[in-house]
> 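Next up is a structure, given as structure tokens.
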Amino acid sequence: MPQLAQRIGRAKPSAIMAVAEKAKALKAAGRDIISFSIGVPNFLPGPHVYAAAAEALSKDSGQYGVNRGADALLDAFLAHIARAGLTGYTRAHVATGIGAKHMLYNLAEALLDEGDTIAFAVPYWTTYQDIADIVNAKTLHLHCPASQNYKITPAQLDAALQQKPKVFLFNNPNNPTGMVYSKDEIAALADVLVKYPDTWVISDDIYHRMVFDGLGYHNFVSARPELRDRVIFVDSLSKTYGMPGWRVGFIAGPESVAKAVATLNSNHITNIPEVVTAAAIAALSGPQDVPDQKNREFEAKRDVVMAAMAAIPGVVCPRPQGAFYVFPDISCAFGKKHGDTVIGNDVEFCNVLLEAKGVACVPGSAFGAPNSLRISYTCPSAQLPEGLKRIQEFFAELT
Ligand code: PLP
């Protein structure tokens with residue numbers, strides 16, 4: 001029998017989906033399950049988005065679209081990033097695709113040859129490692145434990161860039177930690193980046209509208225404009241607009257990179273669908289009350305989760321200021337028993353928690369950080385206190 005390509009051996013199914021699937025199966029078997037696992041925002045966009053999609057359906061052109069994305073969508077995206085302080089970009093600097101995941105994959109293909117190195121922080125969003133593995137890039141991990149608030153320090157970045165990675169992949173606000181870099185922190189990292197002109201910088205900022213505590217969103221290009229010719233900003237409608245299933249992602253960066261992505265699109269997907277394009281324009285250009293309101297709700301939920309974590313002896317939980325994740329260090333539980341079961345690591349912790357209490361969390365090892373677990377708090381508000389209470393009970397029952 002013929003063999004699959006070697007890259008398929010390097011591709012792993014998503015560890016996050018595995019937890020979500022297990023939780024789903026238990027639910028289907030009649031168990032009362034509260035899921036803190038998957039990172040879906042759990043709200044729908046405003047009615048203007050559906051109206052725009054319906055109108056586009058009624059006017060179907062019957063044609064292929066533009067590889068880079070329709071002009072009206074590029075313009076809507078340019079206005080959207082200008083609101084975030086990213087100005088001076090034109091249509092030639094941007095491109096669209098099937099979600100940020102597809103844009104990241106496109107960027108890996110556009111920027112990395114086999115054997116090149118991509119540097120990123122640990123904990124990382126699982127897909128970073130997987131995409132690097134699929135394109136056969138080497139990974140350089142910047143370890144950022146809870147003791148440094150899961151954030152990269154300038155010294156750490158400097159040491160990593162001295163090893164000349166082709167790409168530095170940054171994520172702010174962060175999945176899985178929810179951490180947000182302040183204006184000063186971004187400026188300090190940007191000062192390091194300017195010293196290494198041969199490294200591309202991908203800034204995955206898909207949660208940039210989800211920042212709390214009045215901290216504001218800051219980026220490398222605003223901090224050091226000379227970085228503009230090698231920073232690529234990645235964005236998506238999935239989280240901000242409650243549209244993960246619509247699959248719309250964007251990049252803004254140097255013209256050569258946007259053109260490369262459009263070329264890859266022309267060979268992979270051709271274009272994002274016309275109906276989706278209309279919905280995306282409506283989301284980006286229409287009233288912003290839904291994302292604004294959701295942001296306030298997430299901030300309040302973050303406080304509820306933090307209060308619950310603070311009440312568990314031994315758990316260390318840096319305070320996130322964005323996205324919708326909390327990433328407690330639960331290693332105090334390792335070596336203890338729940339009933340007769342010894343909890344040796346994060347995966348066992350999450351399995352026993354799910355079995356015993358019906359609460360699904362993602363083990364930190366999915367993000368390269370096996371001392372922790374990820375709580376995604378996008379569940380209905382009414383479920384949140386109950387799920388947290390069960391986690392507290394679980395800890396209290398450990399012997
Ligand atoms: N980047 C980060 C940090 C994410 O958390 C996610 C989704 O969870 C993505 C990218 C992918 O988003 P999209 O739905 O646009 O593909």
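Just follow the structure's listing: the first ligand is 1, and inside any ligand the first atom is 1. Computed over heavy atoms, backbone and side chain alike; hydrogens, waters and symmetry mates excluded.
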> Applying a heavy-atom cut-off of 4.0 Å, say which part of K239 lies close to ligand 1: side chain, backbone, both or neither.
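Contact part for K239 vs ligand 1: side chain (C-beta onward).
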> With only distance considered, is H102 within less than 3.5 Å of ligand 1 through an N or O on each side?
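Between H102 and ligand 1 (N or O atoms, distance only) the closest approach is not under 3.5 Å.
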> Examine Y207 against ligand 1 and note whether any of their N/O atoms are separated by less than 3.5 Å.
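In this structure, Y207 places an N or O atom under 3.5 Å from an N or O of ligand 1.
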> For atom 6 (C) of ligand 1, find the nearest protein heavy atom and state the residue, atom name and distance (0.1 Å precision).
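Result: W125 CZ2, 3.4 Å.
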> If the cut-off is 4.0 Å to any non-hydrogen atom of R247, which atoms of ligand 1 fall inside it?
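So the answer, numbered in order with elements, is 13 (P), 14 (O), 16 (O).
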> Which ligand 1 atoms does G99 reach within 4.0 Å, using its non-hydrogen atoms?
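Counting from 1, the qualifying ligand atoms are 15 (O), 16 (O).
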> Is any side-chain N of the basic residue among R302 and D213 closer than 4.0 Å to the acidic one's carboxylate O?
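A salt bridge links R302 with D213.
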> So which bit of S238 gets within less than 4.0 Å of ligand 1, heavy atoms only: side chain, backbone, both or neither?
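S238 to ligand 1: side-chain contact only, backbone stays beyond 4.0 Å.
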> Going by heavy-atom distance to atom 2 (C) of ligand 1, choose the closest among D204, V234, N175, L104.
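Looking at heavy atoms only, the winner is D204.
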> Taking only heavy atoms of N171 into account, list the atoms of ligand 1 that are under 4.0 Å away from them.
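Contacts of ligand 1 toward N171, numbered from 1: 3 (C).
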> Would you call the rings of F324 and Y377 parallel, tilted or perpendicular if under 30° counts as parallel and over 60° as perpendicular?
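Because their plane-to-plane angle is over 60°, the rings of F324 and Y377 count as perpendicular.
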> Look at ligand 1 and say whether Y128 reaches it with a heavy atom at a distance under 4.0 Å.
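It does; at least one heavy atom falls under 4.0 Å.
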> Going by the atom numbers of ligand 1, which of them fall below 4.0 Å from some non-hydrogen atom of I206?
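That gives atoms 1 (N), 2 (C), 4 (C), 6 (C), 9 (C), 10 (C), 12 (O) of ligand 1.
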> Under 6.0 Å between ring centres: does that hold for F349 and F395?
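Ring centroids of F349 and F395 are less than 6.0 Å from each other.
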> Report yes or no: do D329 and S372 form a side-chain donor-acceptor pair below 3.5 Å?
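The criterion, which ignores hydrogens and geometry beyond distance, is not satisfied for S372 and D329.
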> Report the residue from I343, L398, V342 that forms a side chain to side chain contact (heavy atoms under 4.5 Å, CB included) with K337.
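Exactly one pass, corresponding to V342.
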> Can an N or O of Y325 be found at a distance shorter than 3.5 Å from an N or O of ligand 1?
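For ligand 1, there is no N or O atom that lies under 3.5 Å from one belonging to Y325.
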> Is a donor from one side chain sitting under 3.5 angstrom from an acceptor on the other, for N149 and R319?
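N149 vs R319: no donor-acceptor pair found between side chains.
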> When the ring planes of Y207 and Y325 are compared, do they come out parallel, tilted or perpendicular, using 30° and 60° as the limits?
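Because their plane-to-plane angle is over 60°, the rings of Y207 and Y325 count as perpendicular.
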> Go through it in stages, so that I can follow the logic: the residues are Y124 and Y150, the test is ring-ring contact (aromatic ring centres under 6.0 Å, His included), and I'd like the CA-CA distance, side-chain angles, deciding distance and then a yes or no.
CA-CA 10 Å; Y124 50 75; Y150 301 123; over 10 Å; no
> With heavy atoms only and a cut-off of under 4.0 Å, state how L237 meets ligand 1: side chain, backbone, both or neither.
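Looking at L237 and ligand 1, no heavy atom falls under 4.0 Å.
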> Are Q129 and D133 close enough that a side-chain donor and a side-chain acceptor fall under 3.5 Å?
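Side chains of Q129 and D133: pair found under 3.5 Å.
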> Give the atom numbers and elements of ligand 1 that come within less than 4.0 Å of a heavy atom of S236.
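Near S236, the atoms of ligand 1 are 13 (P), 15 (O).
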